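Below you'll find the structure, written out as structure tokens, and then a few comments.
Hydrogens, waters and symmetry mates are skipped; everything else that's a heavy atom, side chains included, is used. Nothing here was measured: the structure is a model prediction, and the numbers come from that model.
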Amino acid sequence: MLEKFYRARRTVKKTMRAAVLVSVVSGAVPCWGHAPSGEIFKAFQFPSGFEPTVDGQLEDWRLVGDAYRIRSDDLHDLVGDGQTDVGDFSATLFVGWSKEQNRLYIAAEVSDDIHQIDRPAGTASTRIFLDDAMEVFVDADHSGGQFANFSELTPEEQAEVNGTQANHFVLAGPPPDEDFFVNYSAAEWYALAAGPYTEAAVVYDGDENGPGIVRYEMSIVPFDRIDVSAAFLSVEHPLQESEIIGFNVEFNDFDLQSDLLDAKWSLSGELNSYRFSERFADLMLMPLEGIFVPTVVEGRSWGAIKKHTSAGN
């Protein structure tokens, strides 16, 4: 299997005009410039013991200050280059990380005048991106290059290399079945809503195909290289303070026509993120800044903060 993987990978490098060459001897990895030019988004570092529970409720993101919140005005429409209209669509995006858990955490709250989920049951792998959805892209080692949609390869070869160098996740709900979380990679072990390396949740408050608020939440253990057959053959990426990783989020907004995007709101503002990871934005993993006590805390959350604070005195 490994020999077959590397044979396919060599084929990719020969056929790609913009291949990423990694020097095994020196360990050098190219660092691509990401979009928007000159802008770096920030990921909040959760203190140990305060990592959010991935349940779509988002109360445990109250620790995150306004400086870390990404809002609609930070997004770019890839369809019509339009301006955000809070009456039609608005979003607040949070990104965090945990050094102890070696995880990235992503959450978003989206208000939409028409939240459309109309795919038939059993079609998540081929049609989930045709629903209103949140798409998340991660290039942990910031190496850039093509990571998916290798049309020049055979289907068998594509299955072995697609999504191995960077990742593309999609969350959409409420689903017509049990599937609301898809990873466009052949690695089934890296596409679980309640797995050891990925977690995901979607909660929707509103009318069916009408106005409402959807909350997305997920966490992932990042990898520099994914082996499609097993996690232990893959290369996990150790997250470090102040490092910059490749990261992007896109929100799909369908309104009157189920097969026609009204808008596609992107953090990087670049097309073809589903294929090229240099089209992602830059995300810096921020150092620990202490405990941010929410204005309103109650029950277990307040008790946990008091306990943690007392232990540090």
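By the 30° and 60° cut-offs, the orientation of the rings of Trp61 relative to Phe94 is tilted.
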CA sep, side-chain torsions, deciding dist, call: Asp113, Asp255, side-chain contact (heavy atoms from CB on, under 4.5 Å) | CA-CA 8 Å; Asp113 64 334; Asp255 279 353; 3.8 Å; yes
Just do the side chain to side chain donor-acceptor pair (under 3.5 Å) check on Ser273 and Asn248 with the steps written out, would you?
-> CA-CA 8 Å; Ser273 279; Asn248 196 28; 3.0 Å; yes
Apply side chain to side chain donor-acceptor pair (under 3.5 Å) to Asp55 and Thr53, showing your working.
-> CA-CA 6 Å; Asp55 55 9; Thr53 300; 5.3 Å; no
Using the side-chain contact (heavy atoms from CB on, under 4.5 Å) rule, take Asn183 and Asn167 through it: C-alpha gap first, then chi angles, then the decisive distance, then the call.
-> CA-CA 7 Å; Asn183 175 14; Asn167 295 105; 4.1 Å; yes
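In this structure, the ring of His168 has its center less than 6.0 angstrom from the ring center of Phe137. Taking the six-membered ring wherever Trp is involved, the centroid distance between the rings of Phe276 and Phe147 does not fall below 6.0 Å.
Ser277 places a side-chain N or O within donor-acceptor distance of the main-chain N or O of Gly145, the cut-off being under 3.5 Å. Between the side chain of Asp77 and the main chain of Lys264, a donor-acceptor pair closer than 3.5 Å is present. Using a distance-only test at 3.5 Å, with no hydrogens or angles considered, a donor-acceptor pair links the side chain of Glu157 to the main chain of Thr154. Between the side chain of Gln158 and the backbone N or O of Phe150 there is at least one donor-acceptor pair closer than 3.5 Å. Asn209 places no side-chain N or O within 3.5 Å of a backbone atom of Ile114 that could act as its donor or acceptor partner. Using a distance-only test at 3.5 Å, with no hydrogens or angles considered, a donor-acceptor pair links the side chain of Glu217 to the main chain of Gly56. In this structure, Arg103 contributes its side chain and Ser98 its backbone to no donor-acceptor pair below 3.5 Å. A donor-acceptor pair under 3.5 Å is formed between the side chain of Arg225 and the backbone N or O of Leu233. Not a single donor-acceptor pair under 3.5 Å links the side chain of His115 to the backbone N or O of Val110.
Judged purely by distance below 3.5 Å, without hydrogens or angles, the side chains of His142 and Asp282 pair a donor atom with an acceptor atom.
Counting heavy atoms from C-beta on, the side chains of Ile128 and Tyr184 come closer than 4.5 Å. The side-chain heavy atoms of Ile245 and Asp139, taken from C-beta on, include no pair separated by under 4.5 Å. At a threshold of 4.5 Å between non-hydrogen side-chain atoms, the residues Asp88 and Asp262 count as touching. Counting only heavy atoms from C-beta outward, the side chains of Ile220 and Val138 approach each other to under 4.5 Å.
For residues 37-54, no pair satisfies salt bridge (Lys or Arg N to Asp or Glu O under 4.0 Å), with sequence neighbours left out. Sorted by first and then second residue, the side-chain hydrogen bond (donor to acceptor under 3.5 Å, both in side chains) pairs with a member in residues 188-202 read Glu199-Ser219; sequence neighbours excluded.
A search for salt bridge (charged side-chain N to carboxylate O under 4.0 Å, His left out) contacts involving Asp131 returns Arg119, not counting sequence neighbours. Under the side-chain hydrogen bond (donor to acceptor under 3.5 Å, both in side chains) criterion, Asp224 pairs with His237, not counting sequence neighbours. Residues meeting the side-chain hydrogen bond (donor to acceptor under 3.5 Å, both in side chains) test with Arg215, sequence neighbours left out: Glu109, Asp205. Applying the side-chain hydrogen bond (donor to acceptor under 3.5 Å, both in side chains) rule to Glu236 yields the partners Asn102; only residues at least two apart in sequence or on another chain are considered.
Of all non-hydrogen atoms in Glu289 and Tyr68, the two that sit nearest each other are OE2-OH, 2.6 Å.
Contact check on Arg69 versus Asp66 returns a salt bridge, with a Lys/Arg side-chain nitrogen under 4.0 Å from an Asp/Glu carboxylate oxygen.
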